[in-house]
Amino acid sequence: MIHEQMHMFFRGFRRDSHPMATMVGVVGAMSAFYHDSTDVNDERQREIASHRLIAKMPTIAAMAYKYSIGQPFVYPRNDLDYAANFIHMCFSVPAEEYKVDPILARAMDRIFTLHADHEQNASTSTVRLASSSGANPFACIAAGIACLWGPAHGGANQACLEMLKEIGTVDRIPEFIARAKDKNDPFRLMGFGHRVYKNMDPRATVMKQSADEVLELLGVENNPLLQVAKELEHIALNDPYFIEKKLFPNVDFYSGIIYEALGIPVNMFTPMFAVGRTVGWCAHWNEMTADTTTRIARPRQVYTGAAVRDYVGVDKR
Ligand SMILES: CC(C)(COP(=O)(O)OP(=O)(O)OC[C@H]1O[C@@H](n2cnc3c(N)ncnc32)[C@H](O)[C@@H]1OP(=O)(O)O)[C@@H](O)C(=O)NCCC(=O)NCCS
């Protein structure tokens, strides 16, 4: 898609829209622009659509961000790699020379790689469900972005950052740890525990290494939020309650810390997840559509409502 078209799309959105709203709109609108890669039965066309989605997504996310803060769009640079290019498009301004720090680019690359796929999560299943009808590829991925937007999915690291803000200072951590252990208090430590992993999430191990590198480079001394995060991690890893229940810091805990250290605003956390996850969505979409035995998805449901309900006249309701 040429950038003139991108400008046109963005002009239709309010500046204070969430970047995810803009992404759902722009990615869905790609279906109105690319008419030559929509035959889902043609392997080459599927490949082209996937390349377009994976290549455009960082540009769209960075543009959504720039648009939301009222700064001019920064175009992609072909001499930079995927992650460095994304950082450049988000943080450089036309008036100044911008050099991407290789440690930050490496951290971003790891974030994208670790978020690329995670089997039948909600957004990937949404993409598969939408594509089972043979729908347009760009529309299917827009459906995945819409699902990812929710706080129970792509929004988890945002919730983690909000919790760190609520804790505020290191001296308040014991109070929150006590609340997390209290059966009568619904509070949970965000960024700890996982539905599937009952040992350390292997992605979190790699992400922790990146978080340590980034924090060492940028320093945490002046950032109370990051100080709280480091202390919370230390306490939780050594506390019998968390050890016994196998509640390790998860991938969202560390990615939230890295984003905060990089100065990435909270409303960009989920768009960055969307950039990384696009690879997985495309892979699932390709796998499904290539399979000639695929049938339209039709989850069954069990009716649990009333067996008999008498008709009540409109005048009596
Ligand atoms: C991720 C999560 C939903 C997994 O839930 P789950 O696999 O269903 O685990 P359960 O809810 O059965 O929890 C098992 C026990 O650990 C406790 N627990 C789980 N996560 C906890 C947390 N983050 N803080 C405090 N206690 C927690 C539960 O209270 C439960 O205690 P019990 O055995 O005394 O009843 C859950 O750990 C959680 O809410 N984490 C915080 C949110 C988060 O970080 N989400 C992103 C996930 S990638």
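Being a predicted model, the structure only gives us computed values, none of them experimental. Order of appearance sets the numbers: ligands from 1, and atoms from 1 within every ligand. For the numbers below, each heavy atom of this structure counts, side chains included, while hydrogens, waters and symmetry mates do not.
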Checking R52, E47, R44, R46 against S37 for side-chain hydrogen bond (donor to acceptor under 3.5 Å, both in side chains), the one that qualifies is R52
Q) Is the H118 to F273 ring centre distance short of 6.0 Å? A) no
Taken in chain and number order and not counting sequence neighbours, the residues that satisfy ring-ring contact (aromatic ring centres under 6.0 Å, His included) with Y254 are none
Return a table of donor-acceptor pairs under 3.5 angstrom between the side chains of residues 18-31 and protein atoms on other chains or two or more places apart.
| unit_1 | atom_1 | unit_2 | atom_2 | d |
| --- | --- | --- | --- | --- |
| H18 | ND1 | M20 | N | 2.9 |
| T22 | OG1 | H18 | O | 3.3 |
| S31 | OG | G28 | O | 2.4 |

Sorted by chain and residue number, the residues with a non-hydrogen atom under 4.0 Å of ligand 1 are A156, A180, K183, R188, L189, M190, G191, F192, G193, H194, R195, K198, Y241, K245, L247, N250, D252
### Query
Any sub-3.5 Å donor-acceptor pair from K181's side-chain atoms to Y241's backbone N or O?
no
Across all chains, not counting sequence neighbours, the salt bridge (charged side-chain N to carboxylate O under 4.0 Å, His left out) partners of D212 are K208, K230
